[in-house]
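Have a look at the structure below, then the notes.
Numbers for residues simply follow the sequence, beginning at 1. The analysis underlying the following values was restricted to heavy atoms, covering all of them including side chains, and did not include hydrogens, waters or symmetry mates.
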Amino acid sequence: MALLSRSPGRIARSTCIRKLARLFSPTPAVTDLVRTFVHDATATPLLKTPLYDLHLAHGASMHPFAGFSMPITYETQSIVESNKWVRTQAGLFDVSHMVQHIFTGKDVAAFLERITPTDVRELAPYTGVYSMFLNSQGGIVDDIIITKHADDKYYIVTNAACRAGDLAFLEEQKKVHGLVDIQHEILEEWGLLALQGPRAAEALQRLTDFDLAQLKFGNAGLMPIKDSKYWVSRSGYTGEDGFEISVPKEETLGFAERLLGESNSVVKLAGLGVRDALRLEAGLCLYGHDLDETTTPIQASLSWVVGKRRRADGGFNGFEVICEELKNGTTRRRVGFVSDGPPAREGSKIYDETGTKLIGVITSGLPSPTVGRNIAMGYVERAFMKRDTKVHFDIRSRKRPGTVAKMPFVPTKYYR
C-alpha cells in the first residue's frame with residue numbers, strides 16, 4: 001500500500017542532503033532517495049511522534065516531513081545496510097504521522113462506496129484493503145487503507161501530507177451525497193508502528209499469546225500485549241511480511257522499546273529513507289509522486305482496486321471515466337523500468353528507443369540495493385507499455401537507455 005506521501009514545500013538542497021547521501025553511496029545520483037523526504041522547514045513548529053526521543057537516542061537524522069520531524073536514517077546503518085536488514089531480519093518504522101480515522105454510523109458503508117471503488121459492503125469483518133478516495137473525474141485524491149470492524153464501523157489510514165485536503169474532501173462529499181448518519185473521529189497523536197521483514201512475526205510473537213499464524217495478509221485483530229490490547233493488521237509498505245500496530249500515545253514508547261529489547265537483535269529501527277527504496281522495489285506507489293488527482297486507478301495500473309460488483313453497478317465518483325478506461329484502455333499507463341549508469345529520477349523525461357519522441361515521465365527512481373541496478377516507475381503512452389520495450393531517459397541533458405520491466409522488482413513475500 002502507499003502510506004507515505006510528499007509534504008508541501010520545496011525540496012531542500014543543503015549540506016544535510018549531501019551528508020545523508022554519503023550514508024547511502026558515494027555517488028551523487030542517489031541523493032534523490034533522500035531528497036524525497038527532506039524539505040525546507042516552515043515557520044510552523046514541527047509536530048513530534050511519540051517516538052521522537054527514541055529516534056534521537058538511536059542517532060536518527062531528523063528532518064521535516066508532512067509537518068512532522070521524522071527519522072530519515074540512523075547513524076548505525078546506511079540505507080543499503082538498512083535495506084538488507086529489513087529484507088532478511090525485521091525493521092521497525094515509525095509511521096505515527098499517518099492519519100488514523102474511525103468512521104461509525106449506519107450511512108458509513110454507503111458513503112465509502114460513493115467515494116471509493118472498493119466493495120466495502122462485502123468486506124469480511126477485520127479485513128483491510130488498499131483503496132483510494134476518488135474525485136468526480138476518477139482522479140485519486142489520496143490512497144488509503146480501509147479496514148472493516150463491523151457493518152457500521154471502519155478504520156481508515158490516510159496520508160499525513162493529504163490531511164487538510166482529505167478532511168475538506170470528506171466534508172464536501174457528505175453534502176454532495178446527502179448522507180448524514182456518519183460519525184468521524186481522528187485518533188490524534190496515536191502511535192502507528194510498522195514492523196516489517198521475514199522475522200517480524202517471530203519478534204512480535206514474543207510479546208503476545210495470540211497465534212499470529214491465524215492472521216493472514218490483509219487481516220486485522222485486537223491483540224493482547226502485556227496488560228493492553230492493540231489493533232494489529234498484517235500489512236505494510238515494503239513487500240515483506242509484516243504488521244502495522246495502532247497504539248495509544250502513552251503506550252507507544254514502551255511498546256517500541258519492548259520490541260527492540262526483546263527481539264534478540266532481530267529488530268532494528270528503520271527510517272523513511274530506506275522505506276522509499278523498499279516500497280519502490282515492491283512496485284508500490286507514493287502519493288504526490290506516482291499518484292495524484294489527475295491520475296485514475298486504471299492509468300496507475302491499479303485496476304484491481306475496483307471491485308467486481310462495483311464495475312457492474314457503479315455508483316462511485318468517476319465511475320463513467322473508469323468504466324470507459326476499463327473497456328477501452330487508457331492513453332497512458334504506469335510501468336516499471338530498469339537501467340544501468342546514472343539513474344532516472346523523478347521528473348526525468350522518457351523518450352522512445354530512437355530518443356526522439358517524448359513518450360512519458362519518471363515519477364520515482366533510484367539505485368536498488370536489492371536488485372543491484374537502477375529501478376524506476378513512470379507513465380508512458382499506451383504504445384510503449386509492453387515489457388522489454390526499449391526507451392531512453394533524459395538525465396542531465398543526455399539520453400540514457402532503459403527498458404520497461406515487470407513490477408514488483410523484488411518478489412513480494414506476504415503471508416497468505
Given Asp142 and Met132, is the side-chain contact (heavy atoms from CB on, under 4.5 Å) satisfied, shown in steps?
CA-CA 6 Å; Asp142 196 5; Met132 48 201 58; over 6 Å; no
Does a donor on one side chain and an acceptor on the other come within less than 3.5 Å for [X] and [Y]?
X: Thr370; Y: Asn83; value: yes
X: Gln214; Y: Asn219; value: no
X: His101; Y: Thr158; value: yes

Spatial distance of atom [atom1] ([X]) from atom [atom2] ([Y]) [nearest 0.5 Å]:
X: Asn328; Y: Ile298; atom1: CG; atom2: CD1; result: 12.0 Å
X: Ile140; Y: Glu293; atom1: CD1; atom2: CD; result: 10.0 Å
X: His392; Y: Asp394; atom1: NE2; atom2: CG; result: 11.0 Å
X: Lys390; Y: Phe384; atom1: NZ; atom2: CZ; result: 14.5 Å
X: Leu280; Y: Ser364; atom1: CG; atom2: OG; result: 5.5 Å
X: Met98; Y: Thr49; atom1: CE; atom2: OG1; result: 13.5 Å

Any side-chain heavy atom of [X] sitting closer than 4.5 Å to one from [Y]?
X: Leu366; Y: Pro343; value: no
X: Leu187; Y: Glu185; value: yes
X: Leu272; Y: Thr73; value: no
X: Lys386; Y: Val404; value: no
X: Ile362; Y: Phe337; value: yes
X: Asp352; Y: Leu358; value: no
X: Ser131; Y: Ile145; value: no
X: Thr127; Y: Thr147; value: no

Over all atoms of both residues, closest heavy-atom pair of [X] and [Y]:
X: Ala60; Y: Tyr74; result: CB-CE2, 3.4 Å
X: Val86; Y: Gly91; result: CG2-CA, 3.9 Å
X: Asn135; Y: Val141; result: N-CG2, 3.8 Å
X: Gly221; Y: Leu215; result: N-CD1, 4.2 Å

Donor-acceptor pair, side chain of [X] and main chain of [Y], under 3.5 angstrom:
X: Tyr415; Y: Ala201; value: no
X: Thr88; Y: Lys84; value: yes
X: Thr116; Y: Glu113; value: no
X: Glu281; Y: Leu278; value: no
X: Arg279; Y: Leu284; value: yes
X: Arg234; Y: Leu212; value: yes
X: Thr118; Y: Val120; value: no
X: Asn159; Y: Ala161; value: no
X: Ser96; Y: Leu192; value: yes
X: Trp190; Y: Gln100; value: no

In short, ring pair (Phe, Tyr, Trp, His ring centres under 6.0 Å) pairs touching residues 152-183 with sequence neighbours left out are Phe133-Phe169
Sequence-distant partners of [X], side-chain contact (heavy atoms from CB on, under 4.5 Å), two or more places apart:
X: Thr208; value: Gln205, Phe210, Met223, Pro224, Ile225
X: Ser82; value: Gln77, Ala270, Val274
X: Arg311; value: Ser303, Val306, Leu326
X: Ala150; value: Asp152, Lys153

Test salt bridge (Lys or Arg N to Asp or Glu O under 4.0 Å) applied to [X] - qualifying residues, sequence neighbours left out:
X: Asp340; value: Arg373
X: Asp151; value: Lys148
X: Lys249; value: Glu189

Whether Phe319 and Phe316 hold their rings parallel, tilted or perpendicular, with breakpoints at 30° and 60°
perpendicular
For this session: Look at the aromatic rings of Tyr126 and Trp231 and report parallel, tilted or perpendicular, splitting at 30° and 60°.
Result: parallel
With salt bridge (Lys or Arg N to Asp or Glu O under 4.0 Å) as the rule and sequence neighbours excluded, what pairs involving [range] come up?
range: residues 91-110; result: none
range: residues 323-334; result: none
range: residues 160-178; result: Arg163-Glu188, Glu171-Lys174

Pairing of [X] and [Y] as salt bridge, 4.0 angstrom limit:
X: Asp241; Y: Lys413; value: no
X: Lys226; Y: Asp209; value: no
X: Asp313; Y: Arg310; value: no

Is the positively charged end of Arg400 above the ring of Phe393, judged by distance under 6.0 angstrom from the centroid and angle within 45° of the axis?
no
* **Test of ring centre spacing under 6.0 Å for Phe103 and His184** => yes
With sequence neighbours left out, the residues meeting ring-ring contact (aromatic ring centres under 6.0 Å, His included) with Tyr230 are Phe255
